[in-house]
Protein chains: 2
Amino acid sequence: MIESRFGPNGGNRLPQPDTKNRLLEAAERLFASEGLSRTSLRAITCEAGVNVAAVHYHFGSKDELLVELVRRRIAPMNEERLARLDAIERASEGGPLPLEPVLRAFVEPAFRFRSEMSGHEQLGRFFGRLYAEPEEILESTLREIFEDVAKRFRDAFARAVPHLPDDELDWRFHFLVGTVVHTLMGRREMQAPTDDPPPDQEVIDRVIRFTAAGLSAPVEMGQ
Amino acid sequence: MIESRFGPNGGNRLPQPDTKNRLLEAAERLFASEGLSRTSLRAITCEAGVNVAAVHYHFGSKDELLVELVRRRIAPMNEERLARLDAIERASEGGPLPLEPVLRAFVEPAFRFRSEMSGHEQLGRFFGRLYAEPEEILESTLREIFEDVAKRFRDAFARAVPHLPDDELDWRFHFLVGTVVHTLMGRREMQAPTDDPPPDQEVIDRVIRFTAAGLSAPVEMGQ
DNA sequence: GTCTATAAAAGGATAGAC
DNA sequence: GTCTATCCTTTTATAGAC
């Protein structure tokens, strides 16, 4: 038998009752599938198999749990993005940057981040939620976490697509983010209940093709 | 003095107390700025200056109010899209379709719809909310309203960009929607508190340039 | 660190007077 | 059609035993 000195929950999971991580993973799952504000603390603690009070003990409040989640999940993704961008910039030795690798440095970590989260599939939705349901408390956290990435990549794209005016570049970067976020959300317009989701790499390649062409487009209208 | 036979609210607005429209407009505003699930009935009725019970009298429930709102707002936009697509298809006489007009037929009504709503600025957000916070009750309504548009435009794009395989076309349509929705939401990555928002037509042209290039891109990788 | 119990507030909904 | 008053549920949060 399993030793039960940890109480009713005792020992049936990990050697040390890592309630905190269980809560984070449960919250992540529910935030992604149900939405930020529609997910209650009770749902989270129930999913995690812990007590309601645990959230307040470990995080203080639902909002602080959300912030902690963002820090744990988004920050590493952005670090990976920046590391890859660093490598590209080092290799370029001050010259123009190759567009597609820069794009991949931005896009691929987002998809990897999606498939790695808690071993669940559709967790890219969590990412989308952050954009669509901006809790007041997240405003500053998100800005802080994304500010550096946004600035660095904007400059990188400026070096990769030098023919673009600044304002046009800003907008195209915005369109790129829209494409990625919407795709991470996993909502498809056509393609009714297509049984199995396609492999990430295939989708990534499609995103890259689309956005690379969009970013490279001439600034005059084809009218 | 204003006649007061309409009670405490009497006569201080419109000749007939169009509570229903006031509720719709208030809900629209709050759904857009605060989010669907974070907006309470009390907030809506307060904003509208009417009584809490009015929502249930006129709509039956919060959910039904939302559905009514969607029908009133999204349906006309999609009708305009389809009318414009009809015209393009008639003019083409069975031949290939010109990409940019088809794109504009899809994109421009969405922006017009945004700036016309209740005379308020950032109401495109409401549109984005519908995508990001799919209330269960909306699933069927949204599917019903968008099904026709999605199918018709998918086929139109197939005729406009005939070199694309079906699956690639589906994805690029998906990317187009992502670009439009994210842009309608009005969240900018760069461009901190840029004072005045740019005119719609300028943004539309940028969206068209980006997505036209993305849709026309060759299917092989530039690697 | 975890639990039970409960406070305190906010949410949607409805009945019934006017 | 509109208002007041109220019911019931759910929510976040906390106090205090273990």
Side-chain angles (χ1 to χ4, degrees), chain A residues 2-27 30-31 34-69 133 135-138, chain B residues 2-27 30-31 33-69 129 133 135-138:
Chain A
I2 304 174
E3 53 187 16
S4 61
R5 58 190 157 104
F6 293 120
N9 242 348
N12 60 351
R13 281 278 180 158
L14 296 173
Q16 285 192 347
D18 51 348
T19 304
K20 197 166 178 178
N21 285 317
R22 301 256 297 279
L23 280 172
L24 285 168
E25 291 182 12
L30 290 168
F31 284 156
E34 305 300 319
L36 267 34
S37 44
R38 257 192 309 274
T39 297
S40 69
L41 286 183
R42 277 175 175 70
I44 294 171
T45 51
C46 176
E47 170 100 357
V50 307
N51 190 273
V52 241
V55 169
H56 295 94
Y57 177 80
H58 286 285
F59 301 97
S61 72
K62 179 185 174 185
D63 278 349
E64 287 168 282
L65 187 161
L66 178 57
V67 169
E68 172 82 8
L69 199 49
E133 291 186 70
E135 313 272 334
E136 312 73 55
I137 189 141
L138 275 185
Chain B
I2 303 174
E3 54 189 14
S4 61
R5 58 189 157 101
F6 292 120
N9 242 349
N12 61 350
R13 281 278 181 157
L14 296 172
Q16 285 194 347
D18 52 347
T19 303
K20 198 167 178 177
N21 285 318
R22 301 256 296 279
L23 280 171
L24 285 168
E25 291 182 11
L30 290 169
F31 284 156
S33 67
E34 305 299 321
L36 266 35
S37 45
R38 257 192 309 275
T39 298
S40 69
L41 285 185
R42 282 171 174 77
I44 294 172
T45 52
C46 176
E47 170 100 356
V50 307
N51 191 272
V52 240
V55 168
H56 295 94
Y57 176 80
H58 286 285
F59 302 97
S61 71
K62 180 186 175 183
D63 280 349
E64 286 169 283
L65 187 161
L66 178 57
V67 169
E68 173 82 8
L69 200 50
R129 302 285 186 200
E133 290 186 71
E135 313 273 333
E136 312 74 56
I137 189 136
L138 275 183

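It should be emphasised that the depicted structure is a prediction, and the values quoted were computed from it without experimental measurement.
Residues that satisfy the side chain to side chain donor-acceptor pair (under 3.5 Å) test with Asp63(B), not counting sequence neighbours, are absent from this structure. Residues passing the salt bridge (Lys or Arg N to Asp or Glu O under 4.0 Å) test with Glu68(A) are Arg72(A), sequence neighbours excluded. Applying the side chain to side chain contact (heavy atoms under 4.5 Å, CB included) test to Ala53(A) and every residue at least two apart in sequence or in another chain returns Asn51(A).
The list of salt bridge (Lys or Arg N to Asp or Glu O under 4.0 Å) pairs with a residue in residues 43-60 of chain B, not counting sequence neighbours, reads Arg29(B)-Glu47(B). Pairs engaging residues 48-58 of chain B under the salt bridge (Lys or Arg N to Asp or Glu O under 4.0 Å) rule: none recorded [sequence neighbours left out].
Taking side-chain N and O atoms only, Asn51(B) has no distance below 4.0 Å to OP1 or OP2 of dG1(D). Checking the phosphate oxygens (OP1, OP2) of dG1(C), no side-chain nitrogen or oxygen of Thr19(A) falls inside 4.0 Å.
For the pair Lys20(B) and Phe59(B), the cation-pi criterion (under 6.0 Å, within 45° of the ring axis) is fulfilled.
Counting to the nearest Å, the P atom of dG1(D) and the CG atom of Asn21(B) are 12 Å from each other. In this structure, the CD1 atom of Ile44(B) is 11 Å from the P atom of dA13(C), given to the nearest Å. Between the CZ atom of Phe59(A) and the P atom of dG1(C) there is a distance of 12 Å, given to the nearest Å.
Using a 4.0 Å heavy-atom distance criterion, Ala54(B) is classed as making no nucleic acid contact.
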Could you run down the sub-3.5 Å N/O contacts of the protein with nucleotides 9-12 of chain C?
unit_1  : atom_1 : unit_2   : atom_2 : d
dG12(C) : OP1    : Lys62(B) : NZ     : 3.2
dG12(C) : OP2    : Leu41(B) : N      : 2.7
dG12(C) : N7     : Arg42(B) : NH1    : 2.8
dG12(C) : O6     : Arg42(B) : NH2    : 3.0

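With dT2(C), dG1(D), dT14(D) as the choices, the nucleotide that has an atom nearest any side-chain atom of Ala53(A) turns out to be dT14(D).
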